[in-house]
Amino acid sequence: MIETIAAHPHVFWLSLGGLLLAAEMLGGNGYLLWSGVAAVVTGLLVWLLPFGWEWQGVLFAALTLIAAWLWWRWLSRQVRAQKPVDAALNQRGVQLIGKRFILDTTLVNGRGHVQVGDSSWPVVSEDDLIAGTRIEVIAVEGITLRVKAC
């Protein structure tokens with residue numbers, strides 16, 4: 001077996017690359033991808049230009065490091081280019097700021113409720129507003145919407 005590998009080292013590197021890539025498909029974390037690519041490239045280079053086993057190992061290690069570094073660099077640029085996460089994500093009250101609704105009931109002492117979708121939200125206003133008034137949400141205080149007539 002060792003004689004066969006010594007006589008055809010490119011077969012070893014191509015086989016190792018294939019095994020690493022197949023193992024990557026089973027795991028899917030990206031750890032083995034670049035080692036597998038480096039092994040395949042090493043196998044192709046050894047097939048074209050025969051190297052000693054020492055240089056094959058150095059070439060494989062260098063290609064693995066270079067490929068992983070290039071991937072890290074590309075990935076960090078992609079992360080920086082992404083839009084930042086919306087601060088209002090999963091905060092329904094904050095998402096309502098600037099939205100307009102129609103009051104269902106008259107506000108008494110500046111307090112009441114408004115129907116938003118399938119839920120009723122408590123509202124507070126500086127003025128007593130009558131039912132049917134068009135309102136705009138200007139702030140959220142806990143679970144209470146601060147509104148003004150618009």
Side-chain angles (χ1 to χ4, degrees), residues 5 9-49 51 53 55-150:
I5 292 173
H10 64 282
V11 173
F12 167 75
W13 289 110
L14 293 173
S15 299
L16 178 64
L19 288 172
L20 289 171
L21 291 174
E24 173 60 32
M25 288 184 356
L26 294 175
N29 290 327
Y31 297 120
L32 301 175
L33 176 66
W34 302 114
S35 295
V37 170
V40 168
V41 171
T42 301
L44 293 173
L45 287 174
V46 169
W47 188 23
L48 297 173
L49 307 166
F51 299 120
W53 63 269
W55 287 107
Q56 293 174 26
V58 170
L59 179 64
F60 171 69
L63 287 174
T64 299
L65 292 174
I66 290 169
W69 179 74
L70 289 172
W71 173 250
W72 171 80
R73 200 167 152 212
W74 179 82
L75 193 60
S76 65
R77 285 185 182 170
Q78 295 300 315
V79 169
R80 275 188 255 132
Q82 286 180 347
K83 291 190 285 185
V85 176
D86 186 10
L89 185 64
N90 292 331
Q91 296 183 18
R92 182 69 175 139
V94 176
Q95 293 174 358
L96 294 175
I97 295 175
K99 303 281 186 192
R100 295 181 178 195
F101 304 101
I102 296 177
L103 273 177
D104 297 331
T105 60
T106 301
L107 298 184
V108 179
N109 294 328
R111 297 193 172 276
H113 286 83
V114 67
Q115 191 72 24
V116 177
D118 61 349
S119 59
S120 178
W121 285 75
V123 296
V124 64
S125 175
E126 293 181 8
D127 304 320
D128 287 342
L129 304 172
I130 61 171
T133 304
R134 198 161 166 81
I135 58 170
E136 179 180 354
V137 178
I138 56 173
V140 178
E141 299 166 354
I143 62 166
T144 305
L145 304 176
R146 179 162 293 280
V147 298
K148 69 174 184 175
C150 56

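Count residues from 1 along the sequence.
Judged purely by atom type and a 3.5 angstrom limit, Ser35 has no side-chain atom pairing as donor or acceptor with the backbone of Leu32. Counting only distance, with no hydrogens or angles, the side chain of Glu136 and the backbone of Arg100 share no donor-acceptor pair below 3.5 Å.
By the 4.5 Å heavy-atom criterion applied to side chains, Gln56 and Phe60 are not counted as neighbours. Within the 4.5 Å cutoff, no side-chain heavy atoms of Thr42 are placed close to those of Val40. Between Val114 and Ile135 the shortest side-chain heavy-atom distance falls below 4.5 Å.
His10 and Val46 make their closest contact through N-CG1, 4.0 Å (heavy atoms, listed as atom of the first residue, atom of the second, distance). Here the closest non-hydrogen pair linking Lys99 and Gln95 is CE-O, 3.7 Å.
Contacts of Leu45 classified as side-chain contact (heavy atoms from CB on, under 4.5 Å), with partners at least two apart in sequence or in another chain: Val41, Phe51, Leu59. Residues that satisfy the side-chain contact (heavy atoms from CB on, under 4.5 Å) test with Phe12, not counting sequence neighbours, are Ile5, Leu16.
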Side-chain atoms of residues 142-150: list all donor-acceptor pairs with protein atoms under 3.5 Å, sequence neighbours left out, distances to 0.1 Å.
residue: Arg146; atom: NE; partner: Glu141; partner atom: OE2; Å: 2.7
residue: Arg146; atom: NH2; partner: Glu141; partner atom: OE1; Å: 3.4
residue: Arg146; atom: NH2; partner: Glu141; partner atom: OE2; Å: 3.3

Under 3.5 Å, which donor-acceptor pairs link side chains of residues 103-113 to any protein atom two or more places apart or in another chain?
residue: Asp104; atom: OD2; partner: Gln115; partner atom: N; Å: 3.1
residue: Thr106; atom: OG1; partner: Ala131; partner atom: N; Å: 3.2

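The 12-atom threshold is exceeded at CG of Leu26, counting heavy atoms of other residues, nucleotides or ligands nearer than 6.0 Å.
Here the CD1 atom belonging to Ile138 is positioned 13.5 Å from the CG atom belonging to Leu96, to the nearest 0.5 angstrom. How far CG of Leu20 is from CG of Leu33: 10.0 Å, rounded to the nearest 0.5 Å.
Among residues at least two apart or in separate chains, side-chain hydrogen bond (donor to acceptor under 3.5 Å, both in side chains) pairs with a member in residues 118-127 are Ser119-Trp121. Every pair passing ring pair (Phe, Tyr, Trp, His ring centres under 6.0 Å) that includes a residue from residues 20-44 is listed here, sequence neighbours excluded: Trp34-Trp71.
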Point to revise | Trace of the side-chain contact (heavy atoms from CB on, under 4.5 Å) decision for Val140 with Ile97 | key: CA-CA 7 Å; Val140 178; Ile97 295 175; 3.9 Å; yes
